[in-house]
*Asks:* 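Take a look at this one; I'll ask things after.
In this text, all values refer to a predicted model and were calculated from it rather than measured experimentally.
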Amino acid sequence: DKDKIAGVSYDSSFYRVTVTITDNGSGQLEMTDHTITKDGETENVETKAKFVNTYHADDVTVILKATKKLNVVVGNRTLQPDEFSFTLCEKQADGTVSANPTVTAKNDEKGKVTFNLPAFTSADVGKKTYVISEVNNHLGGIGYDTRAYEVTFEVTDNGVGQLKASNPAYTLNGKPV
C-alpha cells in the first residue's frame, strides 16, 4: 500500500502471455505463435496487454460566512434569529452575476450568516467568485444594506486524491474587508 498513489484506482487485470518458440533449423529460435489471456479469457491475437488506472479526487465543501449588524438609532429593538435573508449568487467569468441564488441564508441570534455551498467536484476546479447581498424583506423601520460583497476562492486538485479550497477573500468595491 505504501507504493500506491492516493486517489488512483488500479486496474486489477491479470494477463498471461504464452509464447511458442521453435528452432528454424538454421540455429535460430523464432516465436511462431502466442496467445494472450486476460483474467482467464483468451484475447484477440491483436490485443496487447493494457492496464487502465483511474484517478479521482474527493469533493471539497466550502462554507462562506457573513455578519448582520442591526444599528438601532432609537429604542431597544434587538436582532432576532432568521429575521434577515441573504443571497449568494455566482459571478460568471464574463463579470455578470447569476440572477438565481446558489444559496440563501438567514442570520442567527448573534447576526452570523452561514452559506453552505454544494460540494465542489473535479469539474469545478478553478477560481470561484460569489456575490453576497441582503434581501429587502420590507420590514417596517429597517434600512437595508444595498451593498454587494464579493468573495473569491480557488478550488484546486492537490494531486493525491483530494480537492482543496483556498481561504476565501472578501471584498467590497474591490477592497478587502
*Asks:* Got a list of side-chain donor-acceptor pairs under 3.5 Å for residues 121-130, not counting sequence neighbours?
*Replies:*
residue: Thr121; atom: OG1; partner: Ala123; partner atom: N; Å: 3.3
residue: Thr121; atom: OG1; partner: Asp124; partner atom: OD2; Å: 3.4
residue: Asp124; atom: OD2; partner: Thr121; partner atom: N; Å: 2.8
residue: Lys128; atom: NZ; partner: Asp124; partner atom: O; Å: 3.1
residue: Thr129; atom: OG1; partner: Thr152; partner atom: OG1; Å: 3.2

*Asks:* Which pairs, with at least one residue in residues 97-119 and sequence neighbours excluded, count as a side chain to side chain donor-acceptor pair (under 3.5 Å)?
*Replies:* none
*Asks:* Quick one: ring-ring contact (aromatic ring centres under 6.0 Å, His included) partners of Phe51, sequence neighbours excluded?
*Replies:* Tyr15
*Asks:* Which pairs, with at least one residue in residues 94-126 and sequence neighbours excluded, count as a ring pair (Phe, Tyr, Trp, His ring centres under 6.0 Å)?
*Replies:* Phe120-Phe153
*Asks:* Under the 3.5 angstrom rule, does the side chain of Asp23 hit a backbone N or O of Leu29 as a donor-acceptor pair?
*Replies:* no
*Asks:* Give me each pair satisfying salt bridge (Lys or Arg N to Asp or Glu O under 4.0 Å) with a member in residues 164-177, each pair once, sequence neighbours excluded.
*Replies:* none
*Asks:* Could you give the side-chain donor-acceptor pairs of residues 78-85 under 3.5 Å, partners two or more places apart or in another chain?
*Replies:*
residue: Thr78; atom: OG1; partner: Gln80; partner atom: NE2; Å: 2.9
residue: Gln80; atom: NE2; partner: Thr78; partner atom: O; Å: 3.4
residue: Glu83; atom: OE1; partner: Gln80; partner atom: N; Å: 2.9
residue: Glu83; atom: OE2; partner: Arg77; partner atom: NH1; Å: 3.2
residue: Glu83; atom: OE2; partner: Arg77; partner atom: NH2; Å: 2.1

*Asks:* Determine, stepwise, if the pair Thr54 / Val8 fulfils side chain to side chain contact (heavy atoms under 4.5 Å, CB included).
*Replies:* CA-CA 6 Å; Thr54 56; Val8 174; over 6 Å; no
*Asks:* Transitive ILVMFWY cluster of Val131 at side-chain heavy atoms under 4.5 Å: who else is in it?
*Replies:* Val97
*Asks:* Taking only residues at least two apart or on different chains, which pairs with a member in residues 136-146 satisfy salt bridge (Lys or Arg N to Asp or Glu O under 4.0 Å)?
*Replies:* Asp145-Arg147
*Asks:* Mind running side chain to side chain contact (heavy atoms under 4.5 Å, CB included) on Val19 and Val17 for me, showing each step along the way?
*Replies:* CA-CA 6 Å; Val19 179; Val17 179; 3.9 Å; yes
*Asks:* Which atom pairs, donor and acceptor, lie under 3.5 Å between side-chain atoms of residues 154-161 and protein residues at least two apart or in another chain?
*Replies:*
residue: Asp157; atom: OD1; partner: Tyr55; partner atom: OH; Å: 2.7
residue: Asp157; atom: OD1; partner: Gly159; partner atom: N; Å: 2.8
residue: Asp157; atom: OD2; partner: Tyr55; partner atom: OH; Å: 3.3
residue: Asn158; atom: OD1; partner: Val160; partner atom: N; Å: 2.9
residue: Asn158; atom: OD1; partner: Gln162; partner atom: N; Å: 3.2

*Asks:* Determine which pairs satisfy ring pair (Phe, Tyr, Trp, His ring centres under 6.0 Å) with at least one residue from residues 158-177, sequence neighbours left out, and list them in order.
*Replies:* none
*Asks:* Only pairs under 3.5 Å count here: list side-chain donor-acceptor contacts from residues 86-96, not counting sequence neighbours, and write none if there are none.
*Replies:*
residue: Lys91; atom: NZ; partner: Glu150; partner atom: OE2; Å: 2.5
residue: Asp94; atom: OD1; partner: Thr96; partner atom: N; Å: 3.0
residue: Asp94; atom: OD1; partner: Thr96; partner atom: OG1; Å: 2.7

*Asks:* Compile the donor-acceptor pairs under 3.5 Å between side chains in residues 65-73 and protein atoms, sequence neighbours left out, one pair per line.
*Replies:*
residue: Lys68; atom: NZ; partner: Glu134; partner atom: OE1; Å: 3.4
residue: Lys68; atom: NZ; partner: Glu134; partner atom: OE2; Å: 3.0

